[in-house]
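Worksheet for the structure shown next.
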Amino acid sequence: MNGAVLAHVALVVRDYDEAIAWYCERLGFTLVADDHQPEQGKRWVLVAPPGGGGTSLLLARAATQEQEALVGRQAGGRVFLFLHTDDFRRDFETLKARGVRFVRPPAEQPYGIVAVFEDLYGNLWDLVEPSLPPR
């Protein structure tokens with residue numbers, strides 16, 4: 001698969017509009033697409049961090065009770081998503097000021113500075129300033 005890139009990661013959400021608001025207002029993501037697909041009864045909603053290099057989150061509204069039960073638990077309580085930054089302190093303070101709840105404080109690790117926060121559904125994220133350039 002030469003030249004393949006990871007384009008989107010699907011994240012099961014309870015409601016499109018509340019998820020768009022949280023990711024755009026709290027994390028500062030950009031709304032990339034919000035297209036209604038009436039024939040399927042859903043929307044194609046993409047959000048991405050500014051300067052994210054092309055990878056985005058596909059906000060997928062839970063359509064069944066089984067999917068609803070997985071909202072906020074897609075990774076079984078483990079850190080699910082990793083948000084890299086070039087200035088940890090700036091972004092950590094900005095996210096805290098916007099009401100993002102950090103569940104583990106900043107820590108120096110061999111791979112960089114990291115703190116764990118949760119999104120509006122309880123999914124865990126790492127905010128990371130890598131100590132080495134990404135591969």
Side-chain angles (χ1 to χ4, degrees):
M1 295 194 60
N2 288 341
V5 297
L6 184 61
H8 315 297
V9 174
L11 181 66
V12 180
V13 300
R14 203 174 21 245
D15 178 83
Y16 292 119
D17 294 322
E18 76 177 359
I20 291 168
W22 197 89
Y23 286 102
C24 292
E25 293 169 13
R26 300 280 175 99
L27 293 190
F29 282 20
T30 301
L31 180 61
V32 176
D34 185 359
D35 301 316
H36 291 269
Q37 298 179 329
E39 67 283 352
Q40 297 177 12
K42 64 181 184 177
R43 289 158 59 184
W44 177 260
V45 178
L46 297 173
V47 295
T55 303
S56 59
L57 283 179
L58 170 65
L59 303 179
R61 183 178 45 85
T64 66
Q65 286 183 341
E66 181 180 17
Q67 291 173 4
E68 179 72 30
L70 294 174
V71 171
R73 298 180 46 238
Q74 285 183 229
R78 295 187 58 122
V79 170
F80 179 47
L81 298 161
F82 300 80
L83 188 59
H84 281 195
T85 176
D86 61 354
D87 186 334
F88 180 88
R89 294 288 168 209
R90 175 198 66 210
D91 292 338
F92 176 75
E93 294 302 329
T94 297
L95 294 177
K96 277 184 19 181
R98 290 179 180 164
V100 173
R101 187 170 103 79
F102 281 84
V103 297
R104 285 188 222 138
E108 294 275 345
Q109 298 294 337
Y111 53 86
I113 305 169
V114 62
V116 179
F117 67 91
E118 63 182 11
D119 67 16
L120 76 163
Y121 299 114
N123 294 300
L124 298 179
W125 292 62
D126 271 0
L127 175 64
V128 181
E129 181 179 337
S131 55
L132 300 173
R135 293 181 183 196

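Basis for what follows: all heavy atoms, side chains included, without hydrogens, waters or symmetry-related copies.
A distance of 11.5 Å separates CG of L11 from OG of S56, quoted to the nearest 0.5 Å. One distance of note links CD of E68 with CZ of R61; it measures 10.0 Å at 0.5 Å rounding. Atom-to-atom distance recorded for R26:CZ and D119:CG is 11.0 Å, nearest 0.5 angstrom. The distance from the CD atom of E129 to the CG atom of D91 is 9.0 Å, given to the nearest 0.5 Å. Rounded to the nearest 0.5 Å, atoms CG (D126) and OG1 (T85) are 13.0 Å apart. Here CD1 of I20 is found 12.0 Å from CG of L57. Values are rounded to the nearest 0.5 Å.
Cluster membership check: F117 shares its hydrophobic cluster with L81, using side-chain heavy-atom separations under 4.5 Å among Ile, Leu, Val, Met, Phe, Trp and Tyr. No continuous path of hydrophobic side-chain contacts links V79 to L70 [ILVMFWY only; heavy atoms under 4.5 Å]. Note: the hydrophobic cluster containing L59 does not contain L124 (ILVMFWY, side chain heavy atoms under 4.5 Å, direct or indirect links). Cluster annotation: V45 and L120 are assigned to the same hydrophobic cluster (Ile/Leu/Val/Met/Phe/Trp/Tyr, side-chain heavy-atom contacts under 4.5 Å, transitive). No continuous path of hydrophobic side-chain contacts links V5 to L83 [ILVMFWY only; heavy atoms under 4.5 Å].
Counting all heavy atoms, side chain and backbone alike, F80 lies closest to A10 at CZ-O, 4.4 Å. The shortest non-hydrogen separation linking D17 to D15 is N-OD2, 3.0 Å. Residues L31 and C24 share a closest heavy-atom pair of N-SG, 3.8 Å.
Counting non-hydrogen atoms of other residues, nucleotides and ligands closer than 6.0 Å to CD of Q37 gives a total above 12. The environment of CZ in R98 is crowded: more than 12 heavy-atom neighbours from other residues, nucleotides or ligands sit within 6.0 Å. Around CZ of R104, the count of heavy atoms belonging to other residues, nucleotides or ligands within 6.0 Å does not exceed 12. Other residues, nucleotides and ligands place more than 12 heavy atoms under 6.0 Å from the CD atom of Q40.
Q74 places a side-chain N or O within 3.5 Å of a backbone atom of V12 that can act as its donor or acceptor partner. A donor-acceptor pair under 3.5 Å links the side-chain atoms of S131 to the main chain of Y111, judged by distance alone. Panel note: side chain Y16, backbone R43; a donor-acceptor pair is recorded below 3.5 Å.
Ring planes of F29 and W125: perpendicular class, angle over 60° (limits at 30 and 60°).
Side-chain contact between F92 and F102 is present, with at least one heavy-atom pair separated by less than 4.5 Å. Side chains of V13 and V71 form no contact here, defined as non-hydrogen atoms less than 4.5 Å apart.
Residue V32 is found in a hydrophobic cluster whose other members, listed by chain and number, are W44, L46, L58; membership requires side-chain heavy atoms under 4.5 Å apart, directly or through intermediates.
Every side chain to side chain donor-acceptor pair (under 3.5 Å) that E118 has, sequence neighbours left out, goes to R101.
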